[in-house]
Visitor: 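Have a look at the structure that comes next, please.
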Amino acid sequence: MGNNLLGHLTTWDHAIVVAYVVILVIIGFRASASQRETPDESIFLANKSLGWASIGFNMWGTNVGPSMLLAFASIGYSTGIVAVNFEWYAFVFLFLLAVVFAPRYLAANVSTMPGFMGRQYGDSTQNILAWYALIKILISWLSLGLFAGGFLVRQILGIPMWQSVIVLVLFAGFFAFVGGLKAIAKVNVFQMILLIAVSLTLTVIGVLKVGGLSKVYHSVPGNYWNLLHPDSDPKYPWYAILLGYPVSAVAFFCTDQAMVQSVLGARNLEQGQLGVNFIGWLKILSLPLFIGTGILCYILFPNLKDPSEAYMTMVTSLFPAGMKGLVIVVLIAVLVGTISSSLNSLSTVFTMDVYARNINPNASNPQIKAVGRLTILVGCGFAVLVALAIDSVKGLNLFDIFQAVLGFIAPPLAVVFLLSVFWKRTTQRAVNGILSLGSAFSLGVGVVYLWVLPSAKYSFWPHYLMLSFLIFAVLFIAAVMLSLTDPAGQARRQAVDYGVLAQPTRRVRLLWAALAAVMVGLYVVFNGH
């Protein structure tokens, strides 16, 4: 059975895909029309107009890349629900973003993360962080996202990688180019509702085909339903997830421009905090929507050659004619969501932190917009090249490539942001040292781990999540030492006056308490085996 979907498509499917593309383009143009009516409007932060639902769906849309659809089904197929940890454990760090970081970001009234750090440590820090953020968005968001998308399109249409990557980047670039964050947020709400509907349908059809939930439960090995695996498990031991995942999670949810940008565009702090809470609830769906598909595939098609084909196998085998078009639509949707959000963050950071501060401080609003749009075009070109380069690296599965790359980019960011917010004595020397030398160290270890002495051949390496934690610990101690041995630097740190930081409202507190209770409950239920 070929997993090339094209052979399975009917006229209905083609009609659905065309209708969807038309709807998306109309949403994009309508959002860009509001740009033309109010020429002062910023393309970067949606004029601070986003409500909680837009923020939640947009952050989720940025977070659920196509890699997740494929990778989660693949991990579900081979190991059960353990990868849900990467979704459910996140609520702790989303809470950190909502209650600790977001109030400070909004009170400092900044449009970028480098801008936030620059307010405290001056220009040199802002410049280092701006370039760091640009490289991070280009590699971890754009190129990896595009690679996963190209991989998918290649599976569906059977066309070479370079063609599929170019088609995707043109489509995603269109929204970032014409409408900025507002267009992306509108498109993402529509796409995420579609994603939930289609994936849930696939799961329901799968469960019925197996013969009901209790049959599903008993048809796989018992450890498939355990969230925490013993420390002897080579792939996902519990301690690696417990210690290593938070390093990536702090960097990803609390300091990453692409994730935080929706919160910066919030109407007010409460809407921002409710939006972050909403993505926490949406993440519960990862089990039935993504991982469940893989587990069902394991029961229905136990002899797949390659687990990463689990999702496509389910689609081609279970969906009736007319529904397969919807799947293609959803996959394009997830992709466009991630890539257009990252293009928008890329252009925000370059335009605000590099161009408007260092190259042309007197730039007019139309000039700033023009540079923002030019950055999007350059970003598209670069991402295509890197995606093709990643295609030549074989070995680790998609999800592990993502987690490993994040694990080496994350430690310096997690260290400087946590210390800046929680420890008043952190100095500029420490922050700049960790961002420059610390990053070189962290990425250097990453290159050795992935390419020079790959962990597949050399057994002395700890688990890649533990490696991330160890790098974090080393950099954390270094930052504290650098700060303590720099008495003059203490005086130079500009104390940012946030005013009185707003306390979370009653509604925010209640919803976070409810989410925490549900999460603890889920962990208890899925470890009782």
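Quick note: residue numbers are just sequence positions, from 1.
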Visitor: For side chain to side chain contact (heavy atoms under 4.5 Å, CB included), just list the numbers for T505 and Q273, CA-CA rounded to whole Å, side-chain angles, deciding distance to a tenth of an Å, and then say yes or no.
Guide: CA-CA 9 Å; T505 59; Q273 290 173 322; 5.6 Å; no
Visitor: May I have the step-by-step check of side chain to side chain contact (heavy atoms under 4.5 Å, CB included) for V431 and Q120, ending in yes or no?
Guide: CA-CA 11 Å; V431 169; Q120 301 179 63; over 6 Å; no
Visitor: Quick check: do F72 and Y311 have side-chain heavy atoms less than 4.5 Å from each other?
Guide: no
Visitor: List the atom of R507, the atom of Q271, and the distance in Å for their closest heavy-atom pair.
Guide: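 Heavy atoms only, the tightest pair is NH2-NE2, 4.2 Å.
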Visitor: Counting distance only, does the side-chain N/O of S442 pair as donor-acceptor with the main-chain N or O of G438 below 3.5 Å?
Guide: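 Here the side-chain-to-backbone pair does not exist.
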Visitor: To the closest 0.5 Å, what do you measure between CH2 (W88) and CG (L287)?
Guide: 4.5 Å
Visitor: Checking N277 side chain against L511 main chain: does a donor-acceptor pair fall under 3.5 Å?
Guide: yes
Visitor: So, D231 side chain and Y239 main chain: donor-acceptor pair closer than 3.5 Å or not?
Guide: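 The answer is no, because no donor-acceptor pair under 3.5 Å joins these two groups.
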Visitor: What I'd like to find out is whether the side chain of F252 reaches to under 4.5 Å of the side chain of I409, using heavy atoms alone.
Guide: no
Visitor: Do the non-hydrogen side-chain atoms of Y121 and T426 ever get within less than 4.5 Å of each other?
Guide: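 Sidechains of T426 and Y121: in contact.
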Visitor: Let me know which of I376, T348, I137 forms a side chain to side chain contact (heavy atoms under 4.5 Å, CB included) with L343.
Guide: I376
Visitor: Heavy atoms, side chains only, cut-off 4.5 Å: are F101 and F417 in contact?
Guide: yes
Visitor: Using the side chain to side chain contact (heavy atoms under 4.5 Å, CB included) rule, take V349 and K136 through it: C-alpha gap first, then chi angles, then the decisive distance, then the call.
Guide: CA-CA 11 Å; V349 172; K136 176 164 186 253; over 6 Å; no
Visitor: Does L227 reach the side chain of I81, with side-chain heavy atoms less than 4.5 Å apart?
Guide: yes
Visitor: Check whether Y132 reaches the backbone of S439 with its side chain - one donor and one acceptor, N or O, closer than 3.5 Å.
Guide: no
Visitor: Between G244 and F469, which heavy-atom pair has the shortest distance, and what is it?
Guide: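 Distance-wise, the nearest heavy atoms are CA-CB, 4.1 Å.
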Visitor: Given N85, which partner from the list Y236, Y523, Y245 fulfils the side chain to side chain donor-acceptor pair (under 3.5 Å) test?
Guide: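 Testing N85 for a side chain to side chain donor-acceptor pair (under 3.5 Å) against Y236, Y523, Y245 leaves exactly one candidate, Y523.
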Visitor: Which distance, rounded to the nearest 0.5 Å, do you find between the CZ of F116 and the OG of S420?
Guide: 7.0 Å
Visitor: Taking all non-hydrogen atoms of both residues into account, name the closest pair between C254 and L96 and its distance.
Guide: SG-CB, 4.1 Å
Visitor: Quick check: does any side chain N or O of Q257 sit under 3.5 Å from a backbone N or O of M113, one acting as donor and the other as acceptor?
Guide: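 Looks like yes, one N/O pair under 3.5 Å.
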Visitor: Given side chain to side chain contact (heavy atoms under 4.5 Å, CB included), test F472 with L243 step by step and report yes or no.
Guide: CA-CA 10 Å; F472 171 82; L243 295 173; over 6 Å; no
Visitor: Tell me if a side-chain donor or acceptor on R104 pairs with a main-chain N or O of V421 at a distance below 3.5 Å.
Guide: no
Visitor: To the closest 0.5 Å, what do you measure between CG (L134) and CG (L346)?
Guide: 5.5 Å
Visitor: For the backbone of S54 and the side chain of N58, can you confirm whether one donor and one acceptor N or O come within less than 3.5 Å of each other?
Guide: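 Not at all, since once roles are kept as given, no pair shorter than 3.5 Å links the two residues.
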Visitor: Evaluate the side-chain proximity of L194 to Y20: yes if any heavy-atom separation is below 4.5 Å, no if none is.
Guide: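 Answer yes - side chains close enough.
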Visitor: Mind checking what makes ring-ring contact (aromatic ring centres under 6.0 Å, His included) contact with W52, not counting sequence neighbours?
Guide: F278
Visitor: How about S317 and F301: do any of their side-chain heavy atoms sit closer than 4.5 Å?
Guide: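 Heavy-atom side-chain distance check passes, below 4.5 Å.
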Visitor: At what distance, to the nearest 0.5 angstrom, does CD1 of I241 lie from CE of M466?
Guide: 12.0 Å
Visitor: Side-chain donor-acceptor pairs under 3.5 Å in residues 291-298, sequence neighbours left out?
Guide:
unit_1	atom_1	unit_2	atom_2	d
T293	OG1	L289	O	3.0
T293	OG1	F290	O	3.4

Visitor: I need the minimum non-hydrogen distance between I434 and L475, along with the two atoms involved.
Guide: CD1-O, 3.4 Å
Visitor: Would you check if the side chain of N226 reaches a backbone N or O of H229 as a donor-acceptor pair within less than 3.5 Å?
Guide: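 No; zero donor-acceptor contacts below 3.5 Å.
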Visitor: Using 0.5 Å steps for rounding, measure from the CD atom of E270 to the CG atom of L274.
Guide: 5.0 Å
Visitor: More than 12 heavy atoms of other residues, nucleotides or ligands under 6.0 Å from CH2 of W238: is that the case?
Guide: no
Visitor: Provide the closest heavy-atom pair for N63 versus K283 in the form atom of the first, atom of the second, distance.
Guide: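 Smallest interatomic distance, heavy atoms only, reads OD1-NZ, 2.5 Å.
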Visitor: Taking atom CE of M314 and atom CG of L318, what is their separation to the nearest 0.5 Å?
Guide: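 Taking CE in M314 and CG in L318, the distance rounds to 4.5 Å.
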Visitor: Backbone N or O of I196 within a donor-acceptor pair of the S199 side chain at under 3.5 Å?
Guide: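 Not confirmed, S199 side chain does not pair with I196 backbone.
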Visitor: Quick one: closest heavy-atom pair of S286 and E87, and the distance?
Guide: OG-OE1, 2.7 Å
Visitor: Kindly assign one of parallel, tilted or perpendicular to the pair W225 and Y217, based on the angle between their ring planes and the thresholds 30° and 60°.
Guide: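 Aromatic pair W225/Y217 classed parallel.
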Visitor: Between Q126 and V110, is there a side-chain heavy-atom distance shorter than 4.5 Å?
Guide: no
Visitor: Keeping Y105 on the side-chain end and S111 on the backbone end, is there a donor-acceptor pair under 3.5 Å?
Guide: no
Visitor: Check the pair F93 / F253 against ring pair (Phe, Tyr, Trp, His ring centres under 6.0 Å), numbers first and verdict last.
Guide: CA-CA 7 Å; F93 309 98; F253 294 113; 7.6 Å; no
